[in-house]
Amino acid sequence: MNTQERWHGAMQNNYGTPTITLVRGDGVEVWDDEERRYLDFLGGIATNILGHSHPAIVKAVSSQIRELSHVSNLYAHKPGVELAEKLRDMTNDPSARIFFCNSGAEANEAAIKISRLTGRTQIIAALGAFHGRTTGALSITGQEGKRRPFEPLLPDVRFVPYGDVKAMSRAVSKKTALVILEAIQGENGVVVPPIGYLKAVRELCDTKGALFAIDAVQTGMGRTGEWFGFESEGIAPDVITLAKGLGGGLPLGAMITLGKRVPAFKPGEHGSTFGGNPISCAAANAAVDHLVKRDLLWKVAQAGEFLKAELSMIGGVQEVRGRGLLLGIVLDSNVATELANKAASHGLLLNAPNKNVIRIAPALVVSKAQLKEFVKIFAKSLGEVLNG
Ligand SMILES: *Cc1c(COP(=O)(O)O)cnc(C)c1O
């Protein structure tokens with residue numbers, strides 16, 4: 001039996017059965033069980049910020065696991081404290097405080113719970129938003145198809161069109177505990193809100209005394225050329241949630257509270273057994289140190305500009321959305337899935353979040369030569385798909 005058949009015979013079918021089995025990775029390249037090489041432009045869905053098997057991650061994880069692996073949160077450990085300090089400093093707010101968990105959904109669960117401590121219950125989220133699959137995170141995910149089979153979910157959640165200040169101003173009131181938005185809607189096809197939107201929402205939240213959370217799970221950790229993806233809007237939210245790239249490829253999530261208005265958890269009010277374990281934190285510290293040492297955020301922004309220019313010249317491409325290395329390539333026609341399959345057959349891994357959009361989120365260490373190789377295979381694959 002091959003791996004696909006074994007998967008089918010043992011796994012839940014929630015992902016369908018994948019057609020490719022990967023066995024090895026190195027930087028932005030991966031190999032399957034038939035020794036075919038692929039350029040990985042999805043990066044574990046915006047997760048492997050240093051790529052596969054990066055020496056800095058390998059070293060940090062292996063020396064940490066030799067020294068101290070898991071201790072629970074009843075004991076302090078240095079990798080966790082060091083990472084919390086780094087994240088606090090990234091926010092430029094000395095009052096920022098970190099809660100570690102294991103995933104994006106859990107980070108948003110923490111945000112939902114902290115918003116309850118305001119004494120209010122209403123949450124406002126955006127249509128098209130994705131905040132995770134656990135029951136609470138699903139309740140605030142603005143995609144009805146994902147929610148409906150699992151209803152009833154959390155009550156008192158309202159959805160408004162993303163990017164629409166007027167709709168938001170009609171929705172936010174003195175009953176609103178939390179407004180949660182992505183800086184760029186990743187799963188929805190890399191949808192960028194109009195400039196000034198996040199700032200206007202910040203002001204509405206201030207007026208009504210509601211907390212404002214930015215879900216930076218996908219946009220965070222340098223992916224947009226900024227640490228969290230909202231800094232260019234000149235705002236500070238009350239809550240930031242992180243995961244995906246945070247652990248440098250290991251499972252790690254975080255909720256950051258900032259500013260004066262946000263409540264704080266008291267001892268016993270929240271927790272996670274594995275959250276912020278020493279090994280994931282060691283990997284995260286190594287990843288952040290590498291990004292800083294190599295000045296990669298600036299290069300990520302440049303890479304995004306290069307790709308936008310190159311990709312928009314390809315026939316069949318309507319528009320390229322996003323920032324840095326989180327880009328949505330909007331096609332003229334609904335061939336995204338076909339294109340992703342064609343690209344895979346030419347050794348390029350892409351993702352089609354919807355019918356006419358290809359999403360790319362490669363490692364932040366991707367080289368210029370690899371960007372050029374990507375553009376070449378992308379153009380060739382799209383040409384083949386469009387011309388039969
Ligand atoms: C992926 C994602 C999540 C969920 O993260 P998990 O680690 O899969 O739970 C939440 N929010 C956003 C914006 C995401 O992209």
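Just follow the structure's listing: the first ligand is 1, and inside any ligand the first atom is 1.
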Using the salt bridge (charged side-chain N to carboxylate O under 4.0 Å, His left out) rule, collect all pairs that involve residues 285-310, keeping only residues at least two apart or in two chains.
-> Lys86-Asp289

Can you find a pair of side-chain heavy atoms, one from Ile256 and one from Met90, that are under 4.5 Å apart?
-> no

Measure the distance from atom 9 (O) of ligand 1 to every protein heavy atom, then report the residue, atom name and distance (to 0.1 Å) of the closest one.
-> Ala105 N, 2.8 Å

What pairs meet the ring pair (Phe, Tyr, Trp, His ring centres under 6.0 Å) rule with one or both residues in residues 203-233, with sequence neighbours excluded?
-> Phe228-Phe230

For atom 11 (N) of ligand 1, the protein heavy atom that lies nearest, with its residue and separation | Asp215 OD2, 2.7 Å

Could you list the atoms of ligand 1 found under 4.0 angstrom from a heavy atom of Ser103?
-> 7 (O), 9 (O)

For ligand 1, is there an N or O atom under 3.5 Å from any N or O atom of Phe130?
-> yes

Nearest neighbour in protein (non-hydrogen) for atom 7 (O) of ligand 1 | Gly104 N, 2.8 Å

Structural part of Glu182 in contact with ligand 1, heavy atom criterion under 4.0 angstrom = side chain

Is there a path from Leu178 to Ile124 through hydrophobic residues (I, L, V, M, F, W, Y) whose side chains come within less than 4.5 Å of each other?
-> no

Where is the nearest protein heavy atom to atom 2 (C) of ligand 1: which residue, which atom, and how far?
-> Lys244 NZ, 2.5 Å

Is a salt bridge present between Arg37 and Glu373, judged by a nitrogen-to-oxygen distance below 4.0 Å?
-> yes

Consider ligand 1: state whether an atom of it lies below 4.0 angstrom from any non-hydrogen atom of Asn108.
-> yes

Going by the 4.0 angstrom heavy-atom rule, the piece of Thr241 near ligand 1 is neither

Pairwise distance NZ(Lys355) to CG(Leu331) - rounded to 0.5 angstrom = 13.0 Å

Point-to-point distance, once rounded to the nearest 0.5 Å, from CG of Leu246 to CG of Leu252 = 4.0 Å

